[in-house]
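Before any comments, here is the structure.
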Amino acid sequence: QVHLAESGGGLVQPGESLRLSCAASGQTFSTYTMGWFRQAPGKERMMVGAVSRRGSSTTYADFVKGRFTISRDNAKNTASLQMNDLKPDDTAVYYCAATTSNFITTSESAYNYWGQGTQVTVSA
């Protein structure tokens, strides 16, 4: 199994940027497809995007396309979520998750391992 820990959350103003990191420990990180999810207050958790095992493929939710970028560094056992042009609607707890799926999947149920989450608040 793999253990995940997010960091980098905080309070920013609209239009600013933030970079979240997900540190992994345990089983070989490169064997997992990694996803980022978020859960806003009073709403269901939603997928933000995902990156393939080697980092060669990514997918994003429509509401973050062009603003967010997901990457990974298998040598450092980390995945990242670069968030630009943040909006108040991006306020949420952000989670990284890992799946043993061979392919990028947007299905939350496919993700076996989850971090504890990090709070991102976008407010003027």
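Computation of the quantities below employed the complete heavy-atom set of this structure, encompassing side-chain atoms and omitting hydrogens, waters and symmetry-equivalent molecules. Residues take their numbers from the sequence shown, with the count starting at 1.
Counting heavy atoms from C-beta on, the side chains of Tyr111 and Thr105 come closer than 4.5 Å. In this structure the side chain of Val48 never reaches within 4.5 angstrom of the side chain of Tyr60, judged on heavy atoms. Residues Leu86 and Leu18 form a side-chain contact, since some pair of their non-hydrogen atoms from C-beta on lies under 4.5 Å apart. For the pair Phe37/Thr106, no side-chain contact is recorded, criterion being any heavy-atom separation below 4.5 Å from C-beta on. Between Thr121 and Val12 there is no side-chain heavy-atom pair separated by less than 4.5 Å. Under the 4.5 Å side-chain criterion, counting only non-hydrogen atoms from C-beta, Val2 is not in contact with Met34.
A donor-acceptor distance shorter than 3.5 angstrom exists from the side chain of Thr91 to the backbone of Val122, with no hydrogens or angles considered. A donor-acceptor contact shorter than 3.5 Å links the side chain of Arg67 to the backbone of Asp85. Asn77 contributes no side-chain N or O that, together with a main-chain N or O of Ala23, makes up a donor-acceptor pair within less than 3.5 Å. Side-chain atoms of Arg53 come within 3.5 Å of backbone atoms of Thr100 as a donor-acceptor pair (strictly under, hydrogens ignored).
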*Evaluate side chain to side chain contact (heavy atoms under 4.5 Å, CB included) for Arg19 paired with Ser71, printing each intermediate quantity in order.*
CA-CA 11 Å; Arg19 186 178 182 89; Ser71 60; 3.7 Å; yes
*Any chance you could lay out the side chain to side chain donor-acceptor pair (under 3.5 Å) test for Ser109 and Ser107, step after step, and finish with the verdict?*
CA-CA 5 Å; Ser109 62; Ser107 173; 2.9 Å; yes
*Just do the side chain to side chain donor-acceptor pair (under 3.5 Å) check on Ser17 and Asn84 with the steps written out, would you?*
CA-CA 4 Å; Ser17 299; Asn84 298 329; 2.9 Å; yes
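Cys22 contributes atom SG, which lies 11.0 Å from atom CD1 of Ile70 (distance to the nearest 0.5 angstrom). Note that OG1 of Thr58 is 10.0 Å distant from NZ of Lys65, once rounded to the nearest 0.5 Å. Going from atom OG1 of Thr33 over to atom CZ of Phe103 covers 9.0 Å, rounded to the nearest 0.5 Å. Note that the CG atom of Asn112 and the OG1 atom of Thr99 stand 5.0 Å from one another [nearest 0.5 Å]. Once rounded to the nearest 0.5 Å, the distance linking OH of Tyr94 with CG of Leu20 reads 7.5 Å. Taken from CD in Gln119 to CD in Gln39, the straight-line distance is 10.5 Å, to the nearest 0.5 Å.
Among residue pairs with one or both ends in residues 3-12, those qualifying as side-chain hydrogen bond (donor to acceptor under 3.5 Å, both in side chains) are Gln1-His3; sequence neighbours excluded.
In this structure, Asp90 does not pair ionically with Lys87, as no charged nitrogen and carboxylate oxygen lie closer than 4.0 Å.
Listed here is the closest heavy atom pair of Ser30 and Asn74: CB-ND2, 3.5 Å. The minimum heavy-atom distance linking Ser80 with Ser21 is given by the pair OG-OG, 4.1 Å.
Tyr95 carries Arg45 over the face of its six-membered ring, with the cationic atom under 6.0 Å from the centre and within 45° of the normal. In this structure, Arg72 is positioned above the aromatic face of Phe29, its NZ or CZ under 6.0 Å from the six-membered ring centre and within 45° of the axis.
Using a 4.5 Å cut-off between side-chain heavy atoms of Ile, Leu, Val, Met, Phe, Trp and Tyr, with links allowed through other members, Met47 and Val120 fall into different hydrophobic clusters. When hydrophobic clusters are built by joining Ile, Leu, Val, Met, Phe, Trp and Tyr residues whose side-chain heavy atoms come closer than 4.5 Å, directly or via intermediates, Leu11 is not grouped with Leu81. In the hydrophobic clustering of ILVMFWY residues, with side-chain heavy atoms under 4.5 Å counting as a link, Met46 and Met83 come out together.
Scanning for salt bridge (Lys or Arg N to Asp or Glu O under 4.0 Å) contacts around Glu16 gives an empty result, with sequence neighbours left out.
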